Amino acid sequence: MSAVLEAHTAERDTSGATWLVVLQLGWREGRRMVLSPVLLLVFGFFMLMAGVETVVEASLSLPSRASAYDFIFFVFALYAGLLFYISCHLVSSSARRAKAEDQLASLPLSPRARAAGMCAGVLLGPGLLTLAAVGALSTLGNDVVLTDGKSPVSGAELMQIVLIVIGGGLFAAMVATWLRFPGSLPLGFVTLVFGTVWMLNAERDPINTWPWFAPYLSSYAWSDAVWSLQGSHTWHAVYLAGLCGLAFCAVMFREREGRVRWLFVSAGVLAATAAAGALQL
Amino acid sequence: MSTAAAVIELRRRFGRTQALDGATFEIGAGVTGLLGPNGAGKTTLLRILATVAAPDSGAVSVFGRDPSAAAQRVEIRRRLGYLPQDPGFQRGFSVFEFIDYVAILKEMTDRQQRHAEVRRVIDAVDLTSVSGKRVRALSGGMRRRVALASSLLGEPQFLVLDEPTAGLDPEQRLRFRELVSHAGEGRAVLLSTHQTEDVAALCQDVVVLDQGRVLFQGTPSDLSAVAAGRVWLADERVSGAELVWRTGEGRFRHLGLPPSGADLVDPTLEDGYLLLVGRFAEEAAA
């Protein structure tokens, strides 16, 4: 072996470097998820609609605290999870769709570490953006009177918004990782929407607890419900965090090597999620 | 020859197609050319050496490491640069962003050093003027150079290039030769191509693959010598030759057994390759 070749066959100590790479990759992927053209288009549409409403109502003044709260709340609580599902799926499946997988497969960062980078991207992109939005809601205060007469939601419910958005992104990463074929985006979208709607619309009687298990904001899951079942918003937030953890485990479980470890981790997260699911009721 | 990579009795089947059928050879420092007709198994072989695919049977070793073992595979990948036959590019990336993205996946964590390296490889393939442009907006040849640049990141010790000059203009091909020649100094480059001129100009060693088997391994002059005494020029087309074509000067170049008194000429690497592959095809058909 030549001297130069010999010099480069020595082992490199890269212990600890992988997580740094995953974080850097996550930051990059998160930016792609947030700046997805699809997302910018839809958010642009929301802004336009808000502007039109202001003009139509001839209230050409600056939006009130209540209307700003309303706008941010509804965009993030109702739509952001689904919108980030789309952008996160597009980013997660981009290598497959661009037929760039051969190139990426020859690089030292393992597919599992790349998948972890994608999940980190969900936290660092959509997650941080939603956290900022939730921060804005907190800043707007708890004393605002909303247009529908409701009070602003609690801190635990605000955290649920962040977890719903992160959950949408991680669910997208899971769908893109496991269903590697064209059409997996709409398939996952339809499953997510109709699954949630089904749970929310399940027959409401005192013993039916399905709405609590919906990956949805707890106060809106039963706000107009006629049944009197009570539950904990905080435990619902923990339950949602558990669902996020399960989606993450499912992404990590895709690679064969080291599956046993992830099987144990998944079992632990599943047990914790089930416990939180029971405790929320 | 110092060994950078070796394959022994490599076999790989896709359905009814036997892509590799017992291929065995070694690659040392310097540039090795891989020649073969379409469907010879070149891309499959390169994908296996690039640790992207696994063989059905046989042994692979890169820098003495076995790619079937996970930890050793990572060590190989840290020393590897791979340009696939059809490189893909994710939508929305500029040239700089794409190569920077690959650099992150190559575990280059220091941002400043990474960006300097990205700029270096972009300059090496002469794309500095378009580094801010979207990759998908570039021509096919330029996109190929983007992929080539990404394979050069970190000065890999083993560079696997699958038809790198496809779609490049003559000036870029010369630039490419300069690049690969530099990359092959003290390191190993495996270059799969249909351009025999590139092999003659660049390679210290040549491997000819057909129907998944290695037909030849030697120097370019050894391959040319396969056709020694079997290439001649005539004013008319002579029947019985294996291959005949009219040259730019208007004479007919013949490959095969020459008649007595034929005007023999020095064979080129291409002559040797054509005779070798043609003869093998005849034997296989028989």
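Owing to the predicted nature of the structure, the values given are computational and were not obtained by experimental measurement. Per chain, numbering begins at 1; letters A, B, ... match sequence-line order.
There is no contact between E101(A) and chain B, counting heavy-atom distances below 4.5 Å. Only the backbone of D86(B) comes within less than 4.5 Å of a heavy atom in chain A; its side chain stays farther off. Interface remark: L80(B) contributes side-chain atoms only to the contact with chain A (heavy atom separation under 4.5 Å).
Taking a 6.0 Å sphere around CZ of F14(B), one finds it holds more than 12 heavy atoms contributed by other residues, nucleotides or ligands. Counting heavy-atom neighbours within 6.0 Å of R177(B) CZ, excluding the residue itself, gives a total above 12. Within 6.0 Å of the CZ atom in R261(A), the count of heavy atoms belonging to other residues, nucleotides or ligands does not exceed 12. In this structure, F264(A) places its CZ atom where only 12 or fewer heavy-atom neighbours from other residues, nucleotides or ligands lie under 6.0 Å away. Heavy atoms from other residues, nucleotides or ligands lying under 6.0 Å from OH of Y79(A) number 12 at most. Sparse packing is recorded around CZ of R111(B), with 12 or fewer heavy atoms of other residues, nucleotides or ligands lying under 6.0 Å away.
Listed by sequence position, S94(A), A95(A), A98(A), K99(A) are the residues of residues 84-99 of chain A in contact with chain B, using a 4.5 angstrom heavy-atom cutoff. The stretch residues 45-53 of chain B places R47(B), A50(B), T51(B), V52(B) near chain A, each with some heavy atom under 4.5 Å from a heavy atom of that chain.
Looking only at heavy-atom pairs under 4.5 Å with chain B, the residue among A100(A), A105(A), S106(A), A113(A) that has the most is S106(A).
E107(B) contributes no side-chain N or O that, together with a main-chain N or O of L109(A), makes up a donor-acceptor pair within less than 3.5 Å. No donor-acceptor distance shorter than 3.5 angstrom exists from the side chain of R32(A) to the backbone of F93(B), with no hydrogens or angles considered.
Under the rule for a salt bridge (charged side-chain N to carboxylate O under 4.0 Å, His left out), E255(A) has no partner lying at least two apart in sequence or in another chain. Looking at residues two or more places apart in sequence or on another chain, you find a salt bridge (charged side-chain N to carboxylate O under 4.0 Å, His left out) between R73(B) and E257(A).
Separating the CG atom in L107(A) from the OG atom in S150(B) is a distance of 8.0 Å, to the nearest 0.5 Å. Rounding to the nearest 0.5 Å places CG of L83(B) at 11.0 Å from CG of D102(A). Remark: L20(A) CG to D110(B) CG distance equals 9.5 Å, nearest 0.5 Å.
With L105(B) as the fixed residue, the side-chain contact (heavy atoms from CB on, under 4.5 Å) test singles out one of Q103(A), Q24(A), R114(A): R114(A).
Under the 4.5 Å side-chain criterion, counting only non-hydrogen atoms from C-beta, L25(A) is in contact with Y101(B). Looking at L104(A) and Q90(B), their side chains come closer than 4.5 Å, going by heavy atoms from C-beta outward.
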